2 protein chains.
Amino acid sequence: MNISAASNAAGLPVKTVRYYADIGLVAAPARSEGGYRTYDDSSVRKLVFVRRAREFGFSIEECRELLDLYEDQHRSSADVKRIASKRLEEIETKQRELQSLHDELAHLIDACKGDDRPDCPIIDGLGNRRADARGLR
Amino acid sequence: MNISAASNAAGLPVKTVRYYADIGLVAAPARSEGGYRTYDDSSVRKLVFVRRAREFGFSIEECRELLDLYEDQHRSSADVKRIASKRLEEIETKQRELQSLHDELAHLIDACKGDDRPDCPIIDGLGNRRADARGLR
DNA sequence: TCTATTGTCTCCAGTCACTGGAGAGTCAAG
DNA sequence: CTTGACTCTCCAGTGACTGGAGACAATAGA
């Protein structure tokens, strides 16, 4: 399987597959005579695994860790659960942040007439609040 | 006001304030004899405005646009509302994505015993799904 | 007045996870 | 034999900072 076939099967851009090989996340198992990367089903499964994990927001380093566990026949599910639970907490934090942003912005938009006059509650609302809504990045 | 005072007042790191000056987003209105950036209340208000807008997820370029409107006495609130509404839609999309991630991951974690055995529904769940949950980045 | 500390300056490099593009080589079809 | 699609490597750029080096400025205490 050449790289574009693997890329198709995994649902990832060719560039990304090559990148994952470069950083040693999912290596191509072999090269053809002409120097083309050659993939097999097992490496495609790993690519799919990484794609899914990335979609869940796991970082490349976390993917590496999960991939080790994925390949380790003697892994304990506790290790995986620990990583996944941490990620779930991050998701929940992000959800709360997003909710308060949503509410506040929706409120400002709602208060804005959207006409041609210079008076604008959104601008005022962005400029005037106190500086305690931190810890967002 | 030196840069650290402005940084404090605005709730932004010094490095970031300097960065915003470098990219011409919020310039320091003057320099002292010794070459120190000197800020006044008006520029601090702009820094606060940018911090708030960034917290809402507006990009630097959007901040630039909003800041122009913020400074423009003849702006129409329609312009601002357009930008803000676009951003609100993005937030809502992100919320929906996050919700489905949350549900799916929570489901996997729930199904995982978290013991010392190698059987793990999270690993299986990450590896096995179809490739149609795209468009997340 | 000297010194030590703290603040600030510029400039360069690194982060993360890719993405785009140049220029060259490989492969299969017609 | 040529064309076009595919692939290779390498380099640079993205966004929004962040960290650090080395040098200069300002201030407080002895």
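To find a chain, count down the sequence lines: A is the first, B the second, and so on, and within it residues start at 1. Remember, it's a predicted structure, so these values are computed and weren't measured experimentally.
Rounded to the nearest 0.5 Å, atoms CG (A/Asp68) and SG (A/Cys63) are 11.0 Å apart.
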Between protein and nucleic acid, restricted to nucleotides 12-15 of chain C and to nitrogen or oxygen atoms under 3.5 Å apart, what atom pairs and distances do you find?
none

Determine all donor-acceptor pairs shorter than 3.5 Å in which one atom belongs to a side chain in residues 4-15 of chain B; sequence neighbours excluded.
residue : atom : partner : partner atom : Å
B/Ser7  : OG   : B/Leu12 : O            : 2.7

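Take B/Glu65 and apply the side chain to side chain donor-acceptor pair (under 3.5 Å) test, not counting sequence neighbours, and it matches no residue. Residues meeting the side-chain contact (heavy atoms from CB on, under 4.5 Å) test with B/Glu61, sequence neighbours left out: B/Ser59, B/Arg64. Scanning for side-chain contact (heavy atoms from CB on, under 4.5 Å) contacts around B/Gln95 gives A/Leu98, A/Gln99, A/His102, B/Ile91, B/Glu92, with sequence neighbours left out. Looking at residues two or more places apart in sequence or on another chain, you find no side-chain contact (heavy atoms from CB on, under 4.5 Å) involving A/Asp110. Residues that satisfy the ring-ring contact (aromatic ring centres under 6.0 Å, His included) test with A/Tyr70, not counting sequence neighbours, are A/Phe49. Judged as a side chain to side chain donor-acceptor pair (under 3.5 Å), and not counting sequence neighbours, the contacts of B/Asp115 are A/Ser77, B/Arg117.
In this structure, A/Arg18 does not reach the D/dT7 phosphate: none of its side-chain N or O atoms is under 4.0 Å from OP1 or OP2. An OP1 or OP2 oxygen of D/dG15 is reached within less than 4.0 angstrom by no side-chain nitrogen or oxygen of B/Arg54. A sub-4.0 Å separation between OP1 or OP2 of C/dC16 and a side-chain N or O of A/Ser59 is absent. Contact annotation: A/Tyr20 side-chain N/O to C/dA17 OP1/OP2 distance is not under 4.0 Å. In this structure, B/Thr16 reaches the D/dT18 phosphate: one of its side-chain N or O atoms is under 4.0 Å from OP1 or OP2.
A heavy atom closer than 4.0 Å to some atom of DNA chain C occurs in B/Arg31, B/Gly35, B/Tyr36, B/Arg37, these being the qualifying members of residues 24-41 of chain B. Contacts between residues 82-91 of chain A and DNA chain D, defined by a heavy-atom separation under 4.0 Å, are absent.
Rounded to a whole Å, the CG atom of B/Asn2 is 10 Å from the C1' atom of D/dA25. When rounded to the nearest whole Å, the span between CZ of A/Phe58 and P of C/dC16 equals 18 Å. Rounded to whole Å, atom C1' of D/dA16 lies 15 Å from atom CG of B/Leu47. Summarising the geometry, the separation between CE on B/Met1 and C1' on C/dT8 is reported as 16 Å, rounded to the nearest angstrom.
Judged as a salt bridge (charged side-chain N to carboxylate O under 4.0 Å, His left out), the pairs with a partner in residues 19-29 of chain B (not counting sequence neighbours) are, in order, B/Asp22-B/Arg37. Residues in residues 5-43 of chain B take part in no ring pair (Phe, Tyr, Trp, His ring centres under 6.0 Å) pair, two or more places apart or across chains.
Checking A/Asp103 against A/Ser100 by side-chain atom types alone, no donor-acceptor pair falls below 3.5 Å.
Mapped onto DNA chain C by nearest heavy atom, B/Asp22 and A/Tyr19 fall at different nucleotides, with B/Asp22 at the one closer to the 5' end. Nearest-nucleotide positions on DNA chain D for B/Glu61 and A/Val14 put A/Val14 closer to the 5' end.
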